[in-house]
Number of protein chains: 2
Amino acid sequence: MEGFTPLRPSAKLADEVTSALAARIASGELMPGDRLPAEKELGVSLGVSRSVVREAISRLKHDGLVETRQGAGAFVAGPQSAKSFRLQPTGADVAPDLAHIFELRCEVEAGAAAFAAERRDAADLVQIEAALTAIQLAMEAGRDGVAEDKALHVAIAAASGNPAFVRFLDFLANQLEEAIRAARLNSLKVAGRPMAVQREHRRVVEAIQAGDSAAARTAMAAHIRAAAQRLGVAR
Amino acid sequence: MEGFTPLRPSAKLADEVTSALAARIASGELMPGDRLPAEKELGVSLGVSRSVVREAISRLKHDGLVETRQGAGAFVAGPQSAKSFRLQPTGADVAPDLAHIFELRCEVEAGAAAFAAERRDAADLVQIEAALTAIQLAMEAGRDGVAEDKALHVAIAAASGNPAFVRFLDFLANQLEEAIRAARLNSLKVAGRPMAVQREHRRVVEAIQAGDSAAARTAMAAHIRAAAQRLGVAR
DNA sequence: CTTAATTTGTACGTATGTATT
DNA sequence: CAATACATACGTACAAATTAA
């Protein structure tokens with residue numbers, strides 16, 4: 001018989017429509033400048049109400065993928081007007097490659113450490129030192145210390161004096177955790193060799209304390225690469 | 001006289017509501033786990049219909065800022081569930097600092113060049129060389145060559161073998177152009193000293209051709225920093 | 001220039017499934 | 001179990017803007 005695909009109840013209709021439209025744009029089926037079908041028309045062709053279509057288009061508009069003009073219609077926007085960055089684009093079905101994310105993170109994290117070595121002030125150094133000892137205490141207490149590890153990286157990024165580093169690294173770290181969970185890897189960042197991890201941390205912090213930008217960069221890059229290898233996602 | 005703000009007709013209601021809610025979340029007025037007012041309630045308190053509120057919440061949900069449970073309500077999500085990265089967060093009113101964006105771009109672009117030097121294949125080298133000569137031709141023809149310049153950077157990023165670099169650098173470049181336009185700077189990237197720019201390009205390309213990862217990194221970093229200085233947005 | 005048709009923007013009403021009390 | 005609150009979804013209606021006749 002078949003004949004019905006009443007839409008998985010778990011996935012909301014607006015999500016489905018958003019993905020469908022985004023996929024059509026990403027695939028090139030809809031080119032920049034093209035007009036989308038009218039909301040009413042999209043509704044009947046997809047079998048959903050106009051409200052659902054409006055929510056989906058509203059999301060795409062917010063991401064800069066489409067632009068709407070009242071009375072005229074909705075148009076595919078050029079790639080230069082994207083307002084948000086996603087590691088997994090909306091319409092995509094494949095998960096992003098963990099190794100690729102790690103490489104991106106490695107560059108940014110190393111850069112943040114280098115800037116931190118140049119610009120850190122007394123308050124930054126206090127924060128960094130405190131985070132380092134917090135990891136030590138967590139390890140000695142038998143806990144995994146992932147929260148403390150995260151705090152150290154945040155403190156270093158903050159010492160760079162560039163909030164864009166802080167926000168982007170936070171975003172990347174969260175996406176990484178999500179992807180690691182999805183891949184069912186051992187999520188404990190410091191699992192296996194907590195001593196080695198802490199040694200890497202100390203090298204980074206010492207370089208920042210010494211104001212050695214180049215050393216901070218290489219030490220942090222080595223740390224991130226080692227983390228990727230511990231997870232088995234290195235190149 | 002002033003006295004009236006009957007909603008700017010240019011700004012759509014859904015945009016306003018989205019910004020208002022995002023600002024409340026960013027400011028900490030709404031903490032993770034907090035429940036948002038009911039849609040109906042938000043509608044009356046903001047003076048808009050429930051459809052508008054739904055569109056706004058739908059956007060925030062898509063960005064991972066809130067999560068909704070049917071029958072329960074809409075809740076502020078933790079910062080770890082963000083699904084998109086924006087240089088200018090939704091509720092923010094201040095434009096991001098150009099120097100900060102340039103620093104972030106510098107790190108990623110330099111990293112992409114370094115990976116390109118390690119991994120480029122024959123096809124990549126052809127693309128890169130073609131882009132370099134295209135810039136030369138554009139300059140000799142008296143055109144600004146910004147499109148050709150962009151193509152070179154895309155080719156280098158693609159040669160890195162990491163699509164995350166390509167997509168993020170594309171995002172950053174577009175955001176940078178947008179911010180430069182908004183700041184009313186001279187948007188011509190190669191304005192002033194096209195010869196110097198091309199010399200910088202050639203150094204990067206030669207390092208990639210030679211497979212010298214470290215040289216490609218430093219050359220690209222110098223190029224981006226010089227570009228920032230030409231715009232007068234360096235530190 | 002005026003008129004009419006189309007389309008988005010906004011508002012409101014209703015029904016249903018779900019969660020909480 | 002029952003009642004209430006809420007998100008989800010659909011439908012209708014009108015205003016505002018655009019476009020074409």
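Side-chain atoms are counted along with the backbone in the values below, which use heavy atoms only and exclude waters and symmetry mates.
- Within 3.5 Å, no donor on the side chain of B:T68 pairs with an acceptor on the base of D:dC6, nor the reverse.
- Without hydrogens or angle criteria, A:R105 side chain to A:I224 main chain gives no donor-acceptor distance under 3.5 Å.
- If you measure from atom CD of A:E39 to atom P of D:dC10, you get 14 Å, rounded to the nearest angstrom.
- A salt bridge links B:R86 with B:D63: the distance from a Lys NZ or Arg NE/NH1/NH2 to an Asp or Glu carboxylate oxygen falls below 4.0 Å.
- Among the nucleotides D:dA7, C:dT10, C:dG9, the one closest to any side-chain atom of B:L13 is C:dT10.
- A:Q198 CD: more than 12 foreign heavy atoms inside a 6.0 Å radius.
- Closest approach to the B:R35 side chain among D:dA7, D:dA9, D:dC6 is made by D:dC6 (side chain taken as heavy atoms from C-beta onward).
- Of the possible polar contacts, one joining the A:R167 side chain to the B:L87 backbone as a donor-acceptor pair under 3.5 Å is found.
- Side chain of B:K12, nearest nucleotide from D:dT18, C:dT10, D:dC10: C:dT10.
- Taking atom CD of residue A:Q70 and atom P of nucleotide D:dC14, one finds them 17 Å apart after rounding to whole Å.
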Review point. Given A:R24 and A:D34, is the salt bridge (charged side-chain N to carboxylate O under 4.0 Å, His left out) satisfied, shown in steps?
Key: CA-CA 11 Å; A:R24 277 201 225 178; A:D34 285 357; over 6 Å; no
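- Taking atom CZ of residue B:R54 and atom P of nucleotide C:dT14, one finds them 18 Å apart after rounding to whole Å.
- The base of C:dG9 is paired with the side chain of A:R50 by a donor and an acceptor separated by under 3.5 Å.
- If you measure from atom CD of B:E55 to atom C1' of D:dA7, you get 16 Å, rounded to the nearest angstrom.
- Of the two residues near DNA chain D, A:S51 and A:G71, the one whose nearest nucleotide lies more 5' is A:S51.
- When the nucleotides C:dT10, C:dG9, D:dA9 are ranked by their closest atom to the side chain of B:V52, C:dT10 comes out on top.
- Rounded to an integer number of Å, the gap from CG of B:L46 to C1' of C:dA11 is 15 Å.
- Taking only side-chain nitrogens and oxygens, A:K61 comes nearer than 4.0 Å to OP1 or OP2 of C:dG9.
- To the nearest angstrom, P of C:dG9 lies 8 Å from CD1 of A:I57.
- Checked against D:dA7, C:dT10, C:dT8, the side chain of B:S49 finds its nearest nucleotide in C:dT10.
- If you take CD of B:E41 and P of D:dA7, they are 10 Å apart, rounded to a whole angstrom.
- Nearest nucleotide to the side chain of B:A72, out of D:dC10, C:dG9, C:dA19: C:dA19.
- For B:R69, no side-chain nitrogen or oxygen approaches OP1 or OP2 of C:dT18 to under 4.0 Å.
- If you measure from atom CG of B:L42 to atom P of C:dA11, you get 14 Å, rounded to the nearest angstrom.
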